[in-house]
Amino acid sequence: MCGALRASDAGKKAVLMGWVNRRRDLGNLIFVDVRDRSGVTQVVISEEANTAIHDKAELLRNEFVIAAVGTVKLRDSNTINKNIPTGEVELVADELRILNEAKHPPFLPSDTALANEEMRLKYRYIDLRRDAMQFNIELRHKVALAIRDYLASQGFFEIETPFMTRSTPEGARDYLVPSRVQPGTFYALPQSPQLFKQILMISGFDKYFQIVRCFRDEDLRADRQPEFTQIDLEMSYPQPERVWETVEGFLTAAFKAAGHQINAPFPRMDYDEAIRLYGIDKPDLRLPAFAEVRDCFAAPDLQTLAVHPDLPVIAIRIPKVGELSRKERDEIKPMFNSKGGARLFEDFKRIEKNFPEAAKKIQEKCAAAAEDLIVLVSGSAQSGTQDHPASKRKVTPQELAIYASAGLLRVALGQKYSARHGLFLRGDFRFLWVTNFPMFEYDEADKRWVAAHHPFTSPHDDDMDKLESDPAMVRALAYDVVLNGTELGSGSIRIHRQDIQRKIFHALGMTEEEAKSRFGFFLEALEYGTPPHGGIALGLDRIVMILAGAESLREVIPFPKTAAAKDLMVDAPTPVTDAQLRDLGIAVAKK
RNA sequence: GGGGGCGUAGUUCAGCUGGUUAGAACGCCUGCCUGUCACGCAGGAGGCCGCGGUUUCGAGUCCCGUCGCUCCCGCCA
């Protein structure tokens, strides 16, 4: 391998096969860097030693595939290259074969400036030759392998489930696959193997896992691809803690495989607390939490500021930002996405000037240093009281809107000033379990309750009686595992009793008939002796992305899709022939 | 569905207030060069300024539309 030779190999015969990474032609002396996935080694060809090989070496161009046979030679001390692992040796070629020529690639794997996304995706095979991509794909392999090993060692079976399955209108949009044999009917690609893994529990495979592709036809983001890979697992008879231990175990193994030590168990936090402290259900613990500073103001101050006296006033603190110019301060306002009438005070200097006492108390409450940035988010005086169905919750919908607005701004500011506070430096992995999610969320558009996690999640034992009387107050036995502000995975203890499952469907506004037609097979399965069970699924791509220090999932997926869900290399999706459509009994509507 | 950014040589980019022949670096081609390693030196080729329209004496530059890439909001049980 091109990256394997070391000083101890000096004198040995060796064959190097790989790509021409770079050629340095000094006339009668030619150096060729040969590259494969393991690294790069310098091959030397001199006119003096072998004219025929030298002539051939003059023909070499970037990305030619070659084989070089020769002797490993220790380099003279003044020609050692300390920048590469093989820098102490070189291969003196006595045979050189061009295995394949290459057209001039649109960009070179050895280029220092990265080509744009379109180029990289269209010529993905060239992009993947780059060191960074080779590293990421290898990392992904090691992480997946460590997880498999760990779960197998804990008695889990990896069991496959169908890709061609049944469409369910709940949740994300399905990718559909038309049936030829049953014209007019469709399979759906799974959004997750949720029901299959639950049925595996009913089938007696009490510890299941799968590293499995899932499909969701929704709009993309940097951390969302239409097909992605989940580490999916399910177990029978678990307390949530058993699931958490299992996840902590395989994540510890995965991070170790990537060269990082992490500490388990992870801290835990109630959903309500996460919202109150961070304004989001996936808090990034690397940045300071909010401070509630309403009590720092005197009542008349709040009135002067047109701040709602009964809603939270939140101080966001970002450390070590330093003095902001007028221009920089003006950049903060557009970053604020106000929900439910939330208001932003981005100029803390003005608070200091007009309300010096309050400002002082706020700084104390935030434990703010002089260099820290503080902005305030509050409700506006106009925010009226609402008769929202969830208004009895610990965090009311009005409060939630303010917390959420502040939460998004906190993350945005943290990113904008990351170079200044330095808290996002690699290697700081702050895991967290978020628990006790509300069971239902109110869909304002449809005026109905929808499952916050999914409709097979078990309600909290203590809240069973509120399922019908007060759905807003029902907590779910659901949990998310969060890392540095990214939701890595989500799971729950499931419903194993058919009567409760029926109640949930009822609370979701589903009639008996609807439930039966959508999930009849599952309701029936529940009746044949279902053990209590629960599980979780984690995004493998996201884990590897964080470990790779990448900004986008595309960096850790060999063949990803664009933001418009296209594959630029194979040019998919495409129209199909009329004959294919006829076979399937499908007509495409003309626009 | 909505909002922001980008689109100029093979690639990455610069191109000011609209002005005459559109630049740089890397890559590519030719020649020279025996210790380079982002080799060096000399020379050269290479442009539908994404596409279509508009304003103007004149458009890479202004305006409208459109396409592509990207980030965010909505959406993602």
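In the text below, chain A, chain B and the rest are named by the order of the sequence lines, each starting its count at 1.
Side-chain atoms of Gln42(A) come within donor-acceptor range of the base of U36(B), with a qualifying N/O pair under 3.5 Å. Judged by distance alone with a 3.5 Å cut-off, a donor-acceptor contact links the side chain of Arg221(A) to the base of G74(B). Judged by distance alone with a 3.5 Å cut-off, a donor-acceptor contact links the side chain of Glu90(A) to the base of G35(B). Put simply, the side chain of Arg224(A) and the base of C75(B) share a donor and an acceptor less than 3.5 Å apart. Between the side chain of Asp219(A) and the base of G74(B), a donor-acceptor pair under 3.5 Å is found. Contact annotation: side chain of Arg216(A) to base of C76(B), donor-acceptor pair absent below 3.5 Å.
Across all strands, Lys73(A) comes closer than 4.0 Å to base atoms (heavy-atom distances). Backbone-only engagement by Asn337(A) is indicated by non-hydrogen atom pairs under 4.0 Å involving sugar-phosphate atoms exclusively. Residue Gln191(A) is classed as having no contact, given no heavy-atom separation below 4.0 Å to the nucleic acid. Across all strands, Arg75(A) comes closer than 4.0 Å to base atoms (heavy-atom distances). Residue contacts for Ser110(A): at a heavy-atom cut-off of 4.0 Å it reaches no nucleic acid atom on any strand shown. Residue contacts shown for Pro455(A) include a base, since a base heavy atom lies under 4.0 Å away. Note on Leu114(A): only backbone sugar-phosphate atoms sit closer than 4.0 angstrom, heavy atoms only; bases stay farther off. Contact annotation for Ile30(A): no contact, since no heavy-atom pair falls under 4.0 Å across all strands. Within the nucleic acid shown, Ala412(A) has no heavy atom closer than 4.0 Å to any nucleic acid atom. Contact annotation for Asn62(A): backbone-only contact, meaning every heavy-atom pair under 4.0 Å involves sugar-phosphate atoms and none involves a base. Within 4.0 Å of Arg23(A), counting heavy atoms only, lies no atom of the nucleic acid at all.
The side chain of Thr562(A) lies closest to U70(B), out of U12(B), U70(B), C72(B). Closest to the Thr79(A) side chain, of the nucleotides G10(B), G35(B), C29(B), is G35(B). Each of C69(B), A38(B), U34(B) was ranked by its minimum atom distance to the side chain of Glu118(A); first place goes to C69(B). With C76(B), C33(B), G74(B) as the candidates, the nucleotide lying closest to the side chain of Lys339(A) is G74(B). Taking the side chain of Glu218(A) as heavy atoms from C-beta on, and the options C75(B), U34(B), U70(B), the nearest nucleotide is C75(B). Closest to the Leu568(A) side chain, of the nucleotides C37(B), C33(B), C69(B), is C69(B). Considering only the side chain of Arg24(A), U36(B) comes nearest among U70(B), U36(B), C29(B). Of the candidates C76(B), U34(B), G27(B), G27(B) carries the atom nearest the Leu108(A) side chain, counting heavy atoms from C-beta on.
By the 4.0 Å N-to-carboxylate-O rule, Arg502(A) lies close enough to Glu512(A) to be salt-bridged with it. Using a 4.0 Å cut-off between a side-chain N of Lys or Arg and a carboxylate O of Asp or Glu, Asp33(A) and Arg24(A) qualify as a salt bridge. Taking 4.0 Å as the cut-off between side-chain N and carboxylate O, Glu234(A) and Arg494(A) count as a salt-bridged pair. Comment: Glu227(A) engages Lys561(A) in a salt bridge, judged by a side-chain N to carboxylate O separation of less than 4.0 angstrom. Looking at Lys197(A) and Asp232(A), a side-chain N of the basic residue comes within less than 4.0 Å of a carboxylate O on the acidic one, giving a salt bridge.
For the C1' atom pair drawn from C49(B) and U11(B), the interatomic distance equals 16 Å after rounding to whole Å. Taking atom C1' in both G50(B) and G40(B), one finds a spacing of 38 Å when rounded to whole Å. On the C1' atoms, C28(B) is 15 Å away from U12(B), given to the nearest whole Å. With both ends at atom C1', the span from A14(B) to A9(B) equals 13 Å, rounded to whole Å.
Judged by Watson-Crick or G-U wobble contacts below 3.5 Å, the nucleotide A24(B) has U12(B) as its partner. Nucleotide C32(B) has G40(B) as its partner under the Watson-Crick or G-U criteria, with both atom distances under 3.5 Å.
Both Ala113(A) and Lys566(A) lie near RNA chain B, and the one whose nearest nucleotide falls closer to the 5' end is Ala113(A). When the nearest nucleotides of RNA chain B are assigned to Ser192(A) and Leu408(A) by heavy-atom distance, the more 5′-ward of the two goes with Leu408(A).
For the pair Lys561(A) and U70(B), the criterion of a side-chain N or O lying under 4.0 Å from OP1 or OP2 is not met. Between Asn28(A) and the phosphate of C33(B), there is no side-chain N or O to OP1/OP2 separation shorter than 4.0 Å.
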- When you look at Asp9(A) and Arg6(A), which way does the salt bridge (Lys or Arg N to Asp or Glu O under 4.0 Å) test go after all the steps? CA-CA 5 Å; Asp9(A) 297 307; Arg6(A) 293 292 181 275; over 6 Å; no
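At whole-Å resolution of the value, CG in Asp281(A) and P in C76(B) are 14 Å apart. What separates CG of Leu60(A) from P of C28(B) is a distance of 12 Å, to the nearest Å. Counting to the nearest Å, the C1' atom of G68(B) and the CE atom of Met119(A) are 11 Å from each other. As a whole-Å value, the separation of Ile45(A) CD1 from C37(B) C1' is 14 Å. If you measure from atom CZ of Arg35(A) to atom C1' of A38(B), you get 15 Å, rounded to the nearest angstrom. Distance Arg120(A) CZ to U70(B) C1': 12 Å, rounded to the nearest Å. To the nearest angstrom, P of G35(B) lies 22 Å from CD of Glu88(A).
Here Phe107(A) does not lie in a stacked arrangement on the base of U11(B), lacking the combination of planes under 30° and ring centres under 5.5 Å apart.
For an aromatic pair to be called close, the ring centres must be under 6.0 Å apart, and Phe215(A) with Phe163(A) satisfies this.
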